[in-house]
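Shown next, in structure tokens, is the structure this report addresses.
As the structure is a prediction and not an experimental result, all values here were calculated from the model.
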Amino acid sequence: MDLNAILQWPHLVPLICALAIVLVLPLVAGYIVLVERKVMADMQVRLGPMRVGPHGLLQPIADALKLLLKEDIIPENADRYIFWLAPLISVTAAMLALSTVPIGPVFLIADLNIGLLFILGVGALGIFGIVLGGWASNSHYSLLGALRSAAQLVSYETSAGMAVVGALLLAGTLSTKAIVERQAQDGVWFIFAAPVGFFVYLVASIAETNRAPFDMPEAESELVAGYMTEYSGFRWALYFLAEYTNMIVVASIATTLFLGGYLRPFAGTPLFDFLDYLPALLLLLVAGYCFYRVPKQPVGVQKGFMAVVGLLCGGMALLLALPAAAPAGSLLAGAKPGLHGAFWFVAKVGAYLYVFMWLRFTFPRYRFDQLMRLGWQFLLPVGMVNLAGIAVALALHRGLGWGVVPSFALTTALTVAVAAYLVWIGEKQEVRKIGEEETAGNA
Amino acid sequence: MLDLVIFYFFAALAVVSAVLVVTRRNVVHSAIFLATALLATAGIFLSLRAEFLFIVQIILYTGGILVLYVFVIMLVNLDVALHQVQFNRRWYVALLLTVLLGAQAFAAILVSRQSLYTLPPAPAQALEPNTELVAWGLFHTYVLPFEIASVLLLVAMIGGVVMAKKRI
């Protein structure tokens with residue numbers, strides 16, 4: 001088989017993309033953990049990890065090595081096979097879900113007719129990993145954590161589904177790539193057409209990934225570490241990998257559905273074409289900062305590593321700048337949609353994850369009954385009203401010939417009004433309940 | 001050729017795990033094998049290019065109903081259940097029912113296909129675009145039966161809530 005035949009093979013690009021995802025994902029998850037610790041440190045006016053590598057840049061590698069070398073303990077009365085299997089289910093489901101995410105117009109493993117449903121359905125299988133892991137550990141903390149987690153996932157999946165269906169109405173297709181293309185065609189990201197839907201999805205996705213303020217399944221003060229209490233070493237790392245992969249998956253769904261996927265901001269407007277140089281400029285700035293910090297590193301090795309990071313950023317800047325500057329029609333310019341698409345996609349996913357972290361360090365944890373009430377009595381009704389609102393807006397626009405802006409403004413205002421009413425009712429109930437408890441306590 | 005291999009793989013997986021579902025003594029193991037059987041069936045749907053059916057099978061059965069099963073099973077004290085007699089020894093009733101059901105299935109295949117071995121191949125292009133075709137069938141061709149069925153399900157759901165709740 002000669003090289004040309006291999007290059008012509010239709011499964012080549014998907015295979016490379018799949019390999020890239022499986023190989024790079026653990027590294028990416030590790031660095032998301034580092035970024036999270038750094039962001040947390042920044043918000044708490046600390047420095048965060050600083051010891052391993054310059055500014056703690058090698059910390060994820062050290063952590064991964066530590067986890068790999070740790071003893072793998074299986075509790076004596078555990079169900080051995082299920083205990084082994086459970087983390088694998090979680091990781092496999094999370095990674096499979098990434099296969100229909102369009103990271104760029106080219107970087108996409110499979111463009112299925114059912115793309116978005118595939119992500120939601122396969123991603124939801126990860127719940128088995130959590131439930132079975134919690135059960136197989138044969139420990140009360142694990143079981144309670146798993147039960148909480150399952151209840152939470154099932155409850156919030158409905159709200160997230162409502163939000164997703166709203167955006168699907170706007171797109172008119174389930175194929176992930178076609179959804180993004182539709183946003184390019186309409187010239188507007190769906191977040192502006194369905195802001196309430198985006199909000200509902202944001203809250204539901206935090207709850208679905210079991211993160212603070214919804215991290216009931218692993219509330220340390222109550223349940224030690226939830227469903228993974230009995231796990232250690234590499235199996236624990238697999239659960240962690242699954243958790244962070246799930247974060248990436250929900251961020252990718254939000255990016256694809258509401259934030260225009262791999263599209264540049266103002267993708268259709270030539271006036272904003274200067275934005276094409278923004279990615280390269282940003283990376284150049286980062287590279288410059290790295291070189292500026294090189295002399296300030298304490299040890300020679302750290303100096304060298306900092307310089308390597310700077311060079312890496314500079315190289316990526318060059319990679320992004322060349323296609324933007326190359327004359328149209330050349331081979332380099334042809335690579336532009338793929339490279340820049342990937343940049344914008346990763347940037348949007350990163351921004352979404354940053355909001356996740358920000359919320360985590362801002363809000364205290366919910367109580368379990370509050371969590372269930374929020375899911376069923378607020379998010380689900382708001383999601384339903386939002387769905388109906390979008391349907392009405394589309395009917396007004398397409399059926400009655402109203403303008404896009406007035407029809408969507410009207411229904412969004414109505415949805416917000418309903419949400420405000422629900423908040424008001426909820427507060428009244430809460431106040432009454434507290435009053436009843438107080439009178440009962442006094443008597 | 002590849003289609004056949006894939007079909008037999010998933011079919012064997014489905015049958016073996018279906019047998020294991022009823023023979024395992026541990027309920028959680030049964031649930032896992034049930035999940036495998038359902039996923040294998042989804043795989044067969046996919047090899048028939050019924051993508052929508054494939055994902056609905058996973059979302060509804062594996063991701064929805066089975067999660068609820070496992071949820072309930074885990075709340076039950078398994079130690080007690082393990083020591084109870086779970087198997088009914090009246091096998092001749094089961095045998096009779098199996099023979100009857102098998103005969104019915106064979107008769108159905110024989111009447112509709114005229115042959116046991118050569119089944120018509122799945123129409124590849126006729127199922128494109130999958131989701132849209134299902135939607136067209138549900139919301140256009142058969143919209144009235146579909147709506148009646150959904151109202152019926154809604155009534156059943158409300159009935160379930162009313163019966164489960166002591167105080168409304």
Side-chain angles (χ1 to χ4, degrees), chain A residues 77 79-83 85-86 89 92-93 96-97 100 110-138 140 142-155 157-158 161 164 168 171-175 178 227, chain B residues 2 20 24-36 38-40 42-43 45-46 49-79 81-82 124-125 127-136 139 157 161:
Chain A
N77 285 327
D79 195 316
R80 295 185 78 88
Y81 297 106
I82 301 184
F83 195 81
L85 187 71
I89 298 178
T92 314
L96 259 184
T100 54
D111 184 20
L112 297 180
N113 178 256
I114 47 156
L116 203 76
L117 274 183
F118 183 85
I119 305 180
L120 294 177
V122 173
L125 288 184
I127 190 175
F128 274 106
I130 292 174
V131 170
L132 292 176
W135 179 81
S137 305
N138 203 359
H140 288 294
S142 305
L143 187 64
L144 279 176
L147 281 179
R148 277 187 180 183
S149 183
Q152 187 174 325
L153 272 165
V154 172
S155 320
E157 236 161 44
T158 46
V164 165
L168 287 181
T173 171
L174 280 170
S175 149
Y227 59 90
Chain B
L2 189 65
L20 283 170
R24 292 290 89 190
R25 280 185 166 266
N26 193 324
V27 199
V28 174
H29 292 183
S30 292
I32 293 175
F33 283 117
L34 184 57
T36 322
L38 292 172
L39 285 177
F45 287 149
L46 190 61
R49 289 160 219 268
E51 291 168 353
F52 188 74
L53 218 52
F54 153 78
I55 200 64
V56 164
Q57 167 96 359
I58 288 183
I59 289 180
L60 278 189
Y61 284 97
T62 325
I65 294 174
L66 210 68
V67 167
L68 288 182
Y69 277 10
V70 174
F71 204 86
V72 174
I73 289 170
M74 290 203 317
L75 289 172
V76 178
N77 197 347
L78 279 182
D79 296 337
L82 275 179
Q125 292 309 311
L127 289 173
E128 292 288 328
N130 217 273
T131 321
E132 285 83 341
L133 281 175
V134 173
W136 187 259
F139 293 107
M157 204 161 77
V161 171

Expected output: side-chain S137(A) to main-chain G133(A) donor-acceptor under 3.5 Å: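 Present.
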For the [atom1] atom of [X] and the [atom2] atom of [Y], what is their distance to the nearest 0.5 Å?
X	Y	atom1	atom2	value
I119(A)	T100(A)	CD1	OG1	3.5 Å
S30(B)	L34(B)	OG	CG	8.5 Å
T36(B)	L20(B)	OG1	CG	8.5 Å

Portion of [X] that has a non-hydrogen atom of chain B nearer than 4.5 angstrom:
X	value
A136(A)	neither
F128(A)	side chain
L125(A)	side chain
I82(A)	side chain

Check whether L60(B) gets within reach of chain A through its side chain, its backbone, both or neither, counting any heavy atom under 4.5 Å.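 Neither part.
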Max heavy-atom pair count under 4.5 Å with chain B, selected residue of T173(A), I127(A), L147(A), I89(A):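 Winner by heavy-atom pair count: L147(A).
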L66(B) to A35(B) - nearest heavy-atom pair and separation: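 Looking at all heavy atoms of both residues, the shortest contact is CD2-CB, 3.2 Å.
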